[in-house]
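Okay, structure first, notes after.
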Amino acid sequence: MSEIPVPEGRSLNFLEEIIESDIARGQKRVHTRFPPEPNGYLHIGHAKSICLNFGLAKRYGGLTNLRFDDTNPVKEDTEYVDSIKEDVKWLGFEWAGEYYASDYFEQLYSWAIDMINKGLAYVDDQTQEQIRTTRGTVTVPGTPSPWRERSVDENLMLFSGMREGKFADGEKVLRAKIDMAHPNMLMRDPILYRILHTEHHRTGDKWCIYPMYDYAHGQCDSIERITHSICTLEFDVHRPLYDWFIEKLDIFPSHQYEFARLNLTYTMMSKRKLLQLVQNKYVSGWDDPRMPTICALRRRGFTPESVRAFAERVGVAKRDNVIDLGLLEFCVREDLNRIAERRMAVVNPLKVVITNYPEGKREMISCVNNPENPDAGSREVPFSREIYIEKDDFMEIPSKKFFRLQPGGEVRLRYGYLIKCEEVVKSPDGEIIELRCTYDDQSLGGSSSDGRKVKGVIHWVSAADAIPAELRLYSTLFTLENPDDVEEGKTFVDYLNPESLVTVNAWLEPALGTAAQGEKFQFERVGYFTPDYDSRPGKLVFNRTVGLKDSWAKIAAK
RNA sequence: UGACCCAUGGUGUAAUGGCAACACAGCAGAUUUUGGUUCUGUUAUUCUAGGUUCGAGUCCUGGUGGGUCAACCA
């Protein structure tokens, strides 16, 4: 078994410990699975699960299956199947086999007949309402169904009638015969099959009865000989049932282990609510950059490496957690800082005329593409007498810690000249509309005519050459740190962040304009020059930080 | 007033009966042609009461707090 070591400086998480002790006890094989229901797009929470399942198997020389848990045809669709496959691939994982719970419908059905024959399952004629009320509550035991003691033959006949379509939806169900007084509600004669005259996205109208999750999942794991079936905490009460079916059917003993699902501040993880956001058009789609979906992260410029690094950093445990969104941003910044090429842009333009620069002259200035990586090379950016700088890069009455442009002060144009502000031009109502500056013609390339240094370095674009563009800045969709924690009488919709999408005009250096001639300007090529960004509500700020912190912008060519 | 799961800095995750650590966030400083990056320093942690033990974050018991479960969803 080829093993890959855990990252240096990190100790084993509890799942790795379980696997290592299994191996120590003689287990020869590690086989996991990632089992999404194709009823929505994958989000960052799934990314944690994907990285866990694939990562664990890889670390111990095992395999991981991709299995679609498609036992409820009313919610599922091939659109989701396709997106899930695309997202898992994008994250960088290869599955050993692609399976569907629906592939096993015939086997599951035949096992159900075995259960009936063993006297462990019966057809119940009660209504949904009756079944609900006779199940009891968490504190009071349930009561047995009047149909619980039907004969094996009658059950067999009725169950095959269910399959043949002799009954309407909801008319009958197949239930396991366990214990209506069991302290675990899941063990109070759980439903195995329900009647659903609904077309299934893969099996069409072949079936009109469909297995429930509890009856299907463990058996699917068993069929695929999954050794470690890893799921989230809320399934821990299902484990006794998972084990019960495997024991009664006497099939391959897969085992279930639970870990705490990922929660992120300001982020909604519920698939059901995300679907509502899409359906009610609060967002433009599943890949709206404000969504926590993997396709949205991709569109926003996240790299698969950064998402995997995030999954590794959040760790795995069994206690509920809320990860600071800042950690996700740290991970993408860490990666992008290494690989992203920088460009200059101005969002709030202030015109600057360099009075001692020859009129009509235009020169090309060499700019480094990525200070973190010399191999990224450089590009030529035009410079002329009239340029735009960021409004915020000038203060008429500077505060103490402000070291950018100010009256009589000097600043460096990034990769260009030192300029000195000689005059502030104002409109009749007092607004600053133009700066008149002089430049030091000896100051290109970091030097100056007399060796003096300046502290401030600012972005600029040549006014005549700049490409106007529309910049969309995205921040969190919700104003609430925990969007599930809504006040009485309100819903998550009441907490949508009105500033989650802000459109601003921007002026870009020409090289970006060329690239922007396509239909859409991809974020991963522009994200690093957009205005500073703080993802917390009300903190969307524009300043001269044009680093990677501004990870959420996308540009549309004008 | 049930069963099960969980409790370590602001947020996460380690420490497997023997010096409570790492990352993110925060703060301070240095470097820097991005107020970015990098580097240095720094603040801050075992829910509670008992018990076992030479020694408890860790084991035991009680309490408190949080979570999950009463879909013919997964």
Side-chain angles (χ1 to χ4, degrees), chain A residues 9-13 17 35-37 39-40 69-72 74-76 101 124 126-128 131-133 135-142 169-175 182-188 190-196 209-210 212-214 216-217 231-240 258 260 262 265 271-272 312-331 333-334 337-338 342 344 367-368 370-372 393 401-404 412-416 418 445-446 453-459 528-529 532 543-550:
Chain A
R10 205 206 78 185
S11 48
L12 297 183
N13 64 46
E17 281 176 9
E37 182 188 15
N39 67 344
D69 223 337
D70 55 351
T71 56
N72 184 7
V74 303
K75 286 187 176 178
E76 298 151 7
D124 194 344
Q126 292 183 110
T127 63
Q128 187 166 349
I131 290 177
R132 190 170 59 77
T133 55
R135 187 155 28 223
T137 70
V138 289
T139 50
V140 344
D169 287 7
E171 205 176 324
K172 287 183 174 18
V173 290
L174 184 72
R175 299 178 75 176
H182 201 286
N184 182 342
M185 300 283 298
L186 269 319
M187 300 296 274
R188 320 241 260 231
I191 292 170
L192 271 38
Y193 273 92
R194 77 284 216 187
I195 300 170
L196 247 29
I209 56 170
Y210 293 91
M212 298 287 292
Y213 166 85
D214 284 304
H217 201 96
C231 61
T232 47
L233 237 37
E234 64 270 25
F235 288 98
D236 75 331
V237 289
H238 295 247
R239 183 158 21 91
E258 308 86 18
L262 172 74
T265 55
K271 257 204 232 179
R272 191 176 59 80
E312 176 68 40
R313 276 174 191 266
V314 296
V316 193
K318 293 192 77 162
R319 80 181 87 136
D320 295 323
N321 61 83
V322 186
I323 308 289
D324 194 323
L325 188 55
L327 183 63
L328 180 60
E329 295 182 337
F330 168 81
C331 290
R333 236 181 288 133
E334 184 187 43
N337 182 53
R338 228 179 41 240
R342 275 63 155 175
M344 292 192 288
C367 300
V368 169
N370 181 358
E372 304 299 316
D393 283 345
K401 284 209 160 182
F402 185 85
F403 47 81
R404 284 165 275 159
R412 177 170 296 281
L413 296 174
R414 189 153 199 232
Y415 298 121
L418 292 174
K453 294 260 179 197
V454 298
K455 204 166 183 193
V457 179
I458 65 174
H459 277 222
Y528 31 85
F529 73 75
D532 196 9
N543 71 20
R544 66 186 302 279
T545 313
V546 283
L548 296 165
K549 206 163 179 184
D550 13 75

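To find a chain, count down the sequence lines: A is the first, B the second, and so on, and within it residues start at 1.
G26(B) atom P lies 13 Å from atom CG of L325(A), rounded to whole Å. Between the P atom of U37(B) and the CD atom of E329(A) lies a distance of 12 Å, rounded to the nearest Å. Distance, N337(A) CG to G36(B) P: 11 Å, rounded to whole Å. Spacing between atom CG of L12(A) and atom C1' of C22(B) amounts to 15 Å, rounded to whole angstrom units. Taking atom CD of residue E37(A) and atom P of nucleotide C73(B), one finds them 10 Å apart after rounding to whole Å. Look at CG on N321(A): it is 15 Å from C1' on A14(B), rounded to the nearest Å. Atom NE2 in H238(A) sits roughly 8 Å away from atom P in C69(B) (whole-Å rounding). When the C1' atom of A70(B) is taken as reference, atom CD of Q126(A) falls 15 Å away, rounded to whole Å.
Listed for the R188(A) side chain is a donor-acceptor partner under 3.5 Å among the backbone atoms of H182(A). Using modelled atom types, one side-chain atom of N370(A) and one backbone atom of R338(A) make a donor-acceptor pair closer than 3.5 Å.
Note: K318(A) NZ to D236(A) CG = 6.0 Å, rounded to the nearest 0.5 Å. Within the model, atoms CE of M344(A) and SG of C367(A) stand 4.5 Å from one another, a figure rounded to the nearest 0.5 Å. Interatomic distance, I323(A) CD1 to L262(A) CG, rounded to the nearest 0.5 Å: 6.0 Å. To the nearest 0.5 Å, the span separating CG on D214(A) from CG on L186(A) amounts to 5.5 Å. Here the NZ atom belonging to K172(A) is positioned 12.0 Å from the OG1 atom belonging to T127(A), to the nearest 0.5 angstrom. Here CG of L413(A) is found 11.0 Å from NE2 of H459(A). Values are rounded to the nearest 0.5 Å.
Contact annotation: R404(A) side-chain N/O to U33(B) OP1/OP2 distance is not under 4.0 Å. A sub-4.0 Å separation between OP1 or OP2 of A74(B) and a side-chain N or O of T71(A) is present. Side-chain nitrogen and oxygen atoms of R188(A) include none within less than 4.0 Å of the OP1 or OP2 phosphate oxygen of A3(B). Taking 4.0 angstrom as the limit, R333(A) places none of its side-chain polar atoms (N or O) nearer than this to OP1 or OP2 of C24(B).
Within 4.0 Å (heavy atoms only), E234(A) reaches sugar-phosphate atoms of the nucleic acid but no base atom. Residue-level contact check: P141(A) touches neither bases nor backbone, having no heavy atom under 4.0 Å from any strand. Residue contacts for V140(A): at a heavy-atom cut-off of 4.0 Å it reaches no nucleic acid atom on any strand shown. Across all strands shown, Y193(A) has no heavy atoms under 4.0 Å from either base or sugar-phosphate atoms. Among the atoms of the strands shown, none is found under 4.0 Å from any heavy atom of T232(A). Across all strands, G445(A) comes closer than 4.0 Å to base atoms (heavy-atom distances). Here V314(A) lies in heavy-atom contact (under 4.0 Å) with sugar-phosphate atoms only. Using a 4.0 Å heavy-atom criterion, one finds that L186(A) contacts the sugar-phosphate atoms exclusively. Residue R132(A) is classed as a sugar-phosphate contact, given heavy-atom separations below 4.0 Å to backbone atoms only. Across all strands shown, K401(A) has heavy atoms under 4.0 Å from base atoms, whether or not it also approaches the sugar-phosphate. As judged by a 4.0 angstrom heavy-atom cut-off over every strand, V322(A) is placed among residues touching the sugar-phosphate backbone only.
For the C1' atom pair drawn from U46(B) and A21(B), the interatomic distance equals 12 Å after rounding to whole Å. On the P atoms, G55(B) is 15 Å away from C19(B), given to the nearest whole Å. Atom name C1', nucleotides C24(B) and G18(B): the rounded distance is 30 Å, in whole Å. Comparing the P positions of G67(B) and U11(B) gives an interatomic distance of 15 Å, to the nearest angstrom. For the C1' atoms, the distance linking C47(B) with G57(B) amounts to 12 Å, nearest Å. Spacing between A25(B) and A44(B) at atom C1', rounded to whole Å, works out to 12 Å. Using atom C1' as the reference point in both U68(B) and G29(B), the two lie 48 Å apart (nearest Å). Straight-line distance between the C1' atoms of G62(B) and U52(B): roughly 15 Å, to the nearest whole Å.
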*Taking only Watson-Crick and G-U wobble pairs with both distances under 3.5 Å, what dot-bracket line describes RNA chain B, where [ ] shows pairs that cross earlier ones and | shows pairs with another strand?*
.((((((..((((....[..)))).(((((.......)))))....(((((..]....))))))))))).....

Protein-nucleic acid N or O pairs under 3.5 Å, nucleotides 6-8 of chain B:
from  : atom 1 : to      : atom 2 : distance (Å)
U8(B) : OP2    : R319(A) : NH1    : 3.0
U8(B) : O4     : R319(A) : NH2    : 3.3

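Taking the six-membered ring where the residue is Trp, Y213(A) and H238(A) present perpendicular rings, their angle passing 60° and hence far from 30°.
Annotated as anti: A44(B), whose O4'-C1'-N torsion sits more than 90° from 0.
Nearer to the 5' terminus of RNA chain B, by closest-nucleotide assignment, is the contact made by F330(A) (compared with the other of N370(A) and F330(A)). Between Y415(A) and D169(A), the residue anchored closer to the 5' end of RNA chain B is Y415(A), taking for each the nucleotide with the nearest heavy atom.
Side-chain proximity of E372(A) to C69(B), G36(B), A3(B): nearest is G36(B). When distances are taken from the side chain of V173(A) to each of C69(B), C72(B), G36(B), the shortest belongs to C72(B). Nearest nucleotide to the I323(A) side chain, out of C5(B), G12(B), U33(B): G12(B). Set against G2(B), A74(B), C5(B), the side chain of T139(A) has G2(B) as its closest nucleotide. Nearest to the side chain of K75(A), among C24(B), C69(B), C73(B), sits C73(B). Across A70(B), G36(B), C5(B), the shortest atom-to-atom separation from the side chain of L233(A) is found for C5(B). Between G2(B), C5(B), C69(B), one nucleotide has an atom nearer to the side chain of V237(A) than all others, and that is C69(B). Side-chain proximity of M212(A) to A23(B), C73(B), U13(B): nearest is C73(B). Comparing atom distances between the R414(A) side chain and each of A70(B), A74(B), U33(B) picks out U33(B) as nearest.
Comment: R239(A) engages E258(A) in a salt bridge, judged by a side-chain N to carboxylate O separation of less than 4.0 angstrom.
D69(A) is linked by a side chain to side chain donor-acceptor pair (under 3.5 Å) to H217(A), counting only residues two or more places apart in sequence or in another chain.
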*Would you please test V173(A) and M212(A) for side chain to side chain contact (heavy atoms under 4.5 Å, CB included) and show each step?*
CA-CA 11 Å; V173(A) 290; M212(A) 298 287 292; over 6 Å; no

